[in-house]
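Since the model is a prediction, treat every value here as computed from it, not as a measurement.
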Amino acid sequence: AETLRRASRQSARGDATVDRADRLAVPLLLYDPKRHTTMQCAAKGAVDGVVALVKQGVDVNAVNRADQNETALLAACAHRQLDVLLKLLTHPAIDVDLANSRGVTALMQAGATGFDQGVLKLLLQGRADRHAATPQGRVAADYAEEHGHAALAALLRADPRTVSIHQAADDGDFLTVEGLLRQEPLLLNDRRADDGAPPVVVAAAGKRLKVVDLLLRQPGVQVDLANSRKETALMHACGAGALDIASRLLSKGASSRAKDVDGKNPTSWAAKRSYSNMMLYLTLLSFS
């Protein structure tokens, strides 16, 4: 008690020399396992409380049997408490896929509440199982979708191990491309196995304006990265008559003088399809 009073007095008068041992001891004195639970602390965002209780022997995966077997991790996700979530994920014994009595995991809970950063941390840091299902067959993506979090649902369904960013770009599936990039940024310039085309070339060829815009906003995008035939995104945009895409690529620094394996430049690609407006635009640009 004296330690708690001393630390409180020093803190109140702004004493920067509060003894470190006292500072560490205060949470242990404040949070009593007989009166507090890790679930309550997690819901309130009390990181010190969760840590103090675990240090006093409370199981980091303890469940509240009076509340559908809720855990601290579930409570953190339900109340969108990122600091608590990050602290829990550092514990070597944390079970990220432990479900409550309804079969709901932390990832499902985070999806339901639209806890965007929580979902990413659970997936990337905690290695949570996105395919885990309730007894009714519902997965985390279903919970996100049912609660109106479409982008989060797409991210949860976009497993980089099984979902192709090139196919998503070809389909114009903006949300899937975005979800994949948030999980694996290196996919931005990833080359397709059969022809070496990066996502930006695929999207430009398919006239997928929203996807091209998304890709061009990403740091590190290689706008002139070509496929195995040295065909760039600008060439394909010109060949498709997509002036809107071509203008965006040019403003991002795409070369209007690049040549493919046949020696054709973007203007040549526009010419073979008789896209006169594109040819004029590129010709004017080449003299600017």
Side-chain angles (χ1 to χ4, degrees), residues 38-39 42-43 45 60-89 91 94-188 190 199 203 208 210-211 214-215 218:
T38 53
M39 303 83 180
V60 71
N61 297 309
V63 299
N64 182 356
R65 302 196 184 283
D67 188 14
Q68 299 182 334
N69 287 353
E70 182 185 48
T71 66
L73 193 60
L74 278 161
C77 291
H79 295 274
R80 300 168 61 92
Q81 299 291 357
L82 182 59
D83 289 340
V84 175
L85 172 63
L86 292 175
K87 178 58 72 173
L88 288 169
L89 289 178
H91 197 288
I94 192 70
D95 184 351
V96 295
D97 293 319
L98 182 63
N100 64 15
S101 58
R102 295 182 291 115
V104 174
T105 66
L107 190 60
M108 296 175 193
Q109 184 66 72
T113 56
F115 189 15
D116 189 90
Q117 285 300 312
V119 165
L120 279 173
K121 295 300 181 182
L122 285 164
L123 285 173
L124 303 181
Q125 185 175 332
R127 302 298 176 189
D129 182 5
R130 73 179 78 218
H131 304 296
T134 66
Q136 293 76 33
R138 298 165 71 201
V139 296
D142 296 324
Y143 279 88
E145 192 167 52
E146 289 164 10
H147 287 81
H149 309 299
L152 200 52
L155 184 149
L156 284 161
R157 290 198 171 93
D159 186 344
R161 296 168 298 182
T162 57
V163 177
S164 165
I165 191 170
H166 305 96
Q167 187 60 58
D170 195 26
D171 294 338
D173 190 342
F174 174 90
L175 291 179
T176 295
V177 173
E178 181 182 50
L180 287 168
L181 290 174
R182 293 192 66 194
Q183 297 170 80
E184 294 286 352
L186 291 179
L187 289 173
L188 178 62
D190 185 59
R208 305 300 190 180
K210 284 188 64 177
V211 174
L214 170 64
L215 295 169
Q218 307 306 306

Correct closest heavy-atom pair for G103 and P135 would be CA-CD, 4.1 Å
Sequence-distant partners of Q125, side chain to side chain donor-acceptor pair (under 3.5 Å), two or more places apart | none
Of all the heavy-atom pairs spanning A75 and A42, show the shortest one and how long it is.
-> CB-CB, 4.0 Å
Heavy-atom side-chain proximity of L120 to L122 below 4.5 angstrom | no
Interatomic distance, N61 atom CG to N69 atom CG [nearest 0.5 angstrom] = 12.0 Å
Here the gap from I94 atom CD1 to L88 atom CG, rounded to the nearest 0.5 Å, amounts to 5.0 Å
Could you tell me whether the side chain of T113 and the main chain of C77 form a donor-acceptor pair under 3.5 Å?
-> yes
Shortest non-hydrogen pair, A153 vs A141, comes out as CB-O, 3.6 Å
Quick one: side-chain contact (heavy atoms from CB on, under 4.5 Å) partners of V163, sequence neighbours excluded?
-> T176, L180
So, for A133 and V139, which heavy atoms are closest and what is the spacing to 0.1 Å?
-> CB-CG1, 4.0 Å
Just by distance, do the side chain of Q183 and the backbone of L123 share a donor-acceptor pair under 3.5 Å?
-> no
Euclidean distance, I165 CD1 relative to L187 CG, rounded to 0.5 Å | 5.0 Å
Non-hydrogen atoms of V177 and A168 that approach each other most closely | CG2-CB, 3.6 Å
Any residue meeting salt bridge (charged side-chain N to carboxylate O under 4.0 Å, His left out) with D170, in chain and number order, not counting sequence neighbours = none
d(S164 OG, D190 CG) to nearest 0.5 Å is 8.0 Å
For E146, the salt bridge (charged side-chain N to carboxylate O under 4.0 Å, His left out) test, sequence neighbours excluded, returns R138
Non-hydrogen side-chain atoms of L98 and T105 separated by less than 4.5 Å | no
Least distance between heavy atoms, H149 atom then G111 atom | CD2-O, 3.2 Å
Interatomic distance, Q81 atom CD to F115 atom CZ [nearest 0.5 angstrom] | 7.5 Å
With sequence neighbours excluded, give me every salt bridge (charged side-chain N to carboxylate O under 4.0 Å, His left out) pair touching residues 103-114.
-> none
With A140 via side-chain contact (heavy atoms from CB on, under 4.5 Å) - residues at least two apart | L107, M108, L156
Sequence neighbours excluded, which residues qualify as salt bridge (charged side-chain N to carboxylate O under 4.0 Å, His left out) partners of E178?
-> none
Measure the shortest side-chain to side-chain distance between T71 and D95 over non-hydrogen atoms and say whether it is less than 4.5 angstrom.
-> no
Mind jotting down which residue pairs meet the salt bridge (charged side-chain N to carboxylate O under 4.0 Å, His left out) criterion with at least one end in residues 64-81? Sequence neighbours excluded, please.
-> none
Could you tell me which residues satisfy side-chain contact (heavy atoms from CB on, under 4.5 Å) with A62, sequence neighbours excluded, listed by chain and number?
-> M39, V58, D59
Go through the structure and list residues passing side chain to side chain donor-acceptor pair (under 3.5 Å) with N64, not counting sequence neighbours.
-> none
Who pairs with T134 by side chain to side chain donor-acceptor pair (under 3.5 Å), at least two apart in sequence or on another chain?
-> Q136
Quick note, salt bridge (charged side-chain N to carboxylate O under 4.0 Å, His left out) partners involving residues 109-134, not counting sequence neighbours, are D116-R182, R130-D159
Between CG on residue L152 and CG on residue L175, distance to nearest 0.5 Å | 10.5 Å
In sequence, state the C-alpha distance, the side-chain angles, and the governing distance for L215 and L181, and then conclude on side-chain contact (heavy atoms from CB on, under 4.5 Å).
-> CA-CA 9 Å; L215 295 169; L181 290 174; 4.0 Å; yes
